[in-house]
*Asks:* 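Quick one: this structure, given as structure tokens, is what I'll be asking you about.
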Amino acid sequence: MEIKRAIISAAIVWAIGVTAYILSFFVKILDNPELQANIVLTLALIPSVILGAKYYYKTGAETHGFKLGVFMFLVTICFDAIITVPLFIIPAGGSHLTFFTDAWFWFIGLEYILLVGIYAAFRIKILKGRAS
């Protein structure tokens with residue numbers, strides 16, 4: 001695994017995700033702003049993970065997609081613990097405990113890992129198709 005590239009990829013996904021999450025609070029669509037933010041993040045994760053994984057695999061890395069997804073999610077957890085929670089969650093009345101025990105957090109984490117794995121699988125399938 002190319003650790004530096006994986007960390008940069010995770011940072012790309014994290015930055016886009018946090019931006020989408022925060023911006024969602026400025027447009028009221030649902031009565032529950034937290035639910036709205038989680039839905040927006042769930043949707044924003046799709047293109048951001050594709051972008052992050054595309055960046056990682058750009059050099060021809062062959063890391064298994066789910067292994068990369070787990071590593072990138074762990075990096076994201078670190079960014080959330082160090083940056084997101086202290087800057088955005090605690091001032092809003094939350095804590096590390098409430099953030100990391102929220103079911104939405106783990107749902108989004110599972111989505112993250114699956115998206116990286118699916119991207120990698122499609123990438124391999126496409127590359128094999130070109131080689132034939």
Side-chain angles (χ1 to χ4, degrees):
M1 179 180 300
E2 297 179 27
I3 301 294
K4 182 179 176 184
R5 234 178 153 70
I7 292 170
I8 292 169
S9 296
I12 291 167
V13 176
W14 174 81
I16 294 170
V18 168
T19 302
Y21 186 86
I22 292 168
L23 290 177
S24 73
F25 285 99
F26 293 100
V27 178
K28 185 178 181 194
I29 297 170
L30 301 178
D31 290 332
N32 183 338
E34 188 71 30
L35 174 61
Q36 177 179 305
N38 283 321
I39 292 170
V40 167
L41 177 55
T42 300
L43 296 173
L45 205 58
I46 297 166
S48 62
V49 165
I50 290 169
L51 182 65
K54 190 173 188 171
Y55 172 80
Y56 178 81
Y57 286 112
K58 186 169 68 172
T59 61
E62 295 184 12
T63 306
H64 189 280
F66 290 108
K67 181 179 174 184
L68 176 63
V70 168
F71 182 81
M72 288 174 64
F73 182 56
L74 290 172
V75 171
T76 299
I77 289 173
C78 292
F79 286 147
D80 282 340
I82 295 168
I83 302 167
T84 308
V85 175
L87 289 180
F88 303 110
I89 306 303
I90 293 174
S95 67
H96 281 88
L97 182 64
T98 58
F99 183 82
F100 289 111
T101 57
D102 187 276
W104 272 99
F105 175 81
W106 295 104
F107 171 78
I108 290 166
L110 179 61
E111 177 194 12
Y112 191 133
I113 294 165
L114 289 173
L115 285 170
V116 175
I118 291 167
Y119 176 87
F122 275 115
R123 180 182 169 275
I124 290 168
K125 187 175 182 175
I126 289 169
L127 290 175
K128 283 184 180 179
R130 287 182 187 166
S132 317

*Asks:* Tell me whether Y119 is reachable from I16 by hopping between hydrophobic residues (I, L, V, M, F, W, Y) whose side-chain heavy atoms are closer than 4.5 Å.
*Replies:* no

*Asks:* On a heavy-atom basis, which atom in L87 and which in P91 lie closest, and how many Å separate them?
*Replies:*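 Taking every non-hydrogen atom into account, O-CG, 3.3 Å.
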
*Asks:* How far apart are the C-alpha atoms of T42 and I108, what are their side-chain angles, what is the distance that settles it, and do they pass the side-chain contact (heavy atoms from CB on, under 4.5 Å) test?
*Replies:* CA-CA 6 Å; T42 300; I108 290 166; 3.7 Å; yes

*Asks:* Evaluate W104 against L35 for side-chain contact (heavy atoms from CB on, under 4.5 Å), listing each step before the verdict.
*Replies:* CA-CA 9 Å; W104 272 99; L35 174 61; 3.6 Å; yes

*Asks:* Evaluate side-chain hydrogen bond (donor to acceptor under 3.5 Å, both in side chains) for Y57 paired with E2, printing each intermediate quantity in order.
*Replies:* CA-CA 10 Å; Y57 286 112; E2 297 179 27; over 6 Å; no

*Asks:* With a 4.5 Å limit on heavy-atom distance, are the side chains of F88 and V18 in contact?
*Replies:* yes

*Asks:* Flag yes if more than 12 heavy atoms outside D31 fall under 6.0 Å of its CG atom; otherwise flag no.
*Replies:* no

*Asks:* Can you find a pair of side-chain heavy atoms, one from V13 and one from L45, that are under 4.5 Å apart?
*Replies:*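 Sidechains of L45 and V13: in contact.
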
*Asks:* If hydrophobic clusters are built from ILVMFWY residues whose side chains come within less than 4.5 Å, do I12 and L41 share one?
*Replies:*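 No, no single cluster joins them.
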
*Asks:* To check you understand the geometry: which heavy-atom pair defines the closest contact between I46 and E111, and what is its length?
*Replies:*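 Smallest interatomic distance, heavy atoms only, reads CG1-OE2, 3.8 Å.
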
*Asks:* Is there a side-chain contact (heavy atoms from CB on, under 4.5 Å) between I8 and K4 once you walk through the steps?
*Replies:* CA-CA 6 Å; I8 292 169; K4 182 179 176 184; 4.1 Å; yes

*Asks:* Taking all heavy atoms of Q36 and all of I29, pick out the closest pair and write down the distance.
*Replies:* OE1-N, 2.8 Å

*Asks:* Quick one: closest heavy-atom pair of S48 and A44, and the distance?
*Replies:* OG-O, 3.0 Å

*Asks:* Using every non-hydrogen atom in the two residues, find where G52 and S9 come nearest and quote the distance to one decimal.
*Replies:*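 Heavy atoms only, the tightest pair is O-OG, 3.0 Å.
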
*Asks:* Give me the atom names and distance for the closest heavy-atom approach of A81 to H96.
*Replies:* O-NE2, 2.9 Å

*Asks:* For residues 60-75, please give each side-chain donor-acceptor pair under 3.5 Å, one per line with the distance, not counting sequence neighbours.
*Replies:*
| residue | atom | partner | partner atom | Å |
| --- | --- | --- | --- | --- |
| T63 | OG1 | Y56 | OH | 2.5 |
| H64 | ND1 | F66 | N | 3.1 |

*Asks:* Donor-acceptor pair, distance only, cut-off 3.5 Å: does the side chain of D102 make one with the backbone of T98?
*Replies:* no

*Asks:* Grouping I, L, V, M, F, W and Y whenever their side-chain heavy atoms are under 4.5 Å apart, do W14 and L114 come out in a common cluster?
*Replies:*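 As far as the 4.5 Å side-chain criterion goes, L114 and W14 are connected within one cluster.
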
*Asks:* If you group Ile, Leu, Val, Met, Phe, Trp and Tyr by side-chain heavy-atom gaps below 4.5 Å, do I77 and Y21 land in one group?
*Replies:* yes

*Asks:* Would the number of heavy atoms belonging to other residues, nucleotides or ligands and lying under 6.0 Å from CZ of F122 be above 12?
*Replies:* no

*Asks:* Do F105 and I89 belong together in a cluster built from hydrophobic side chains that touch within less than 4.5 Å?
*Replies:* yes

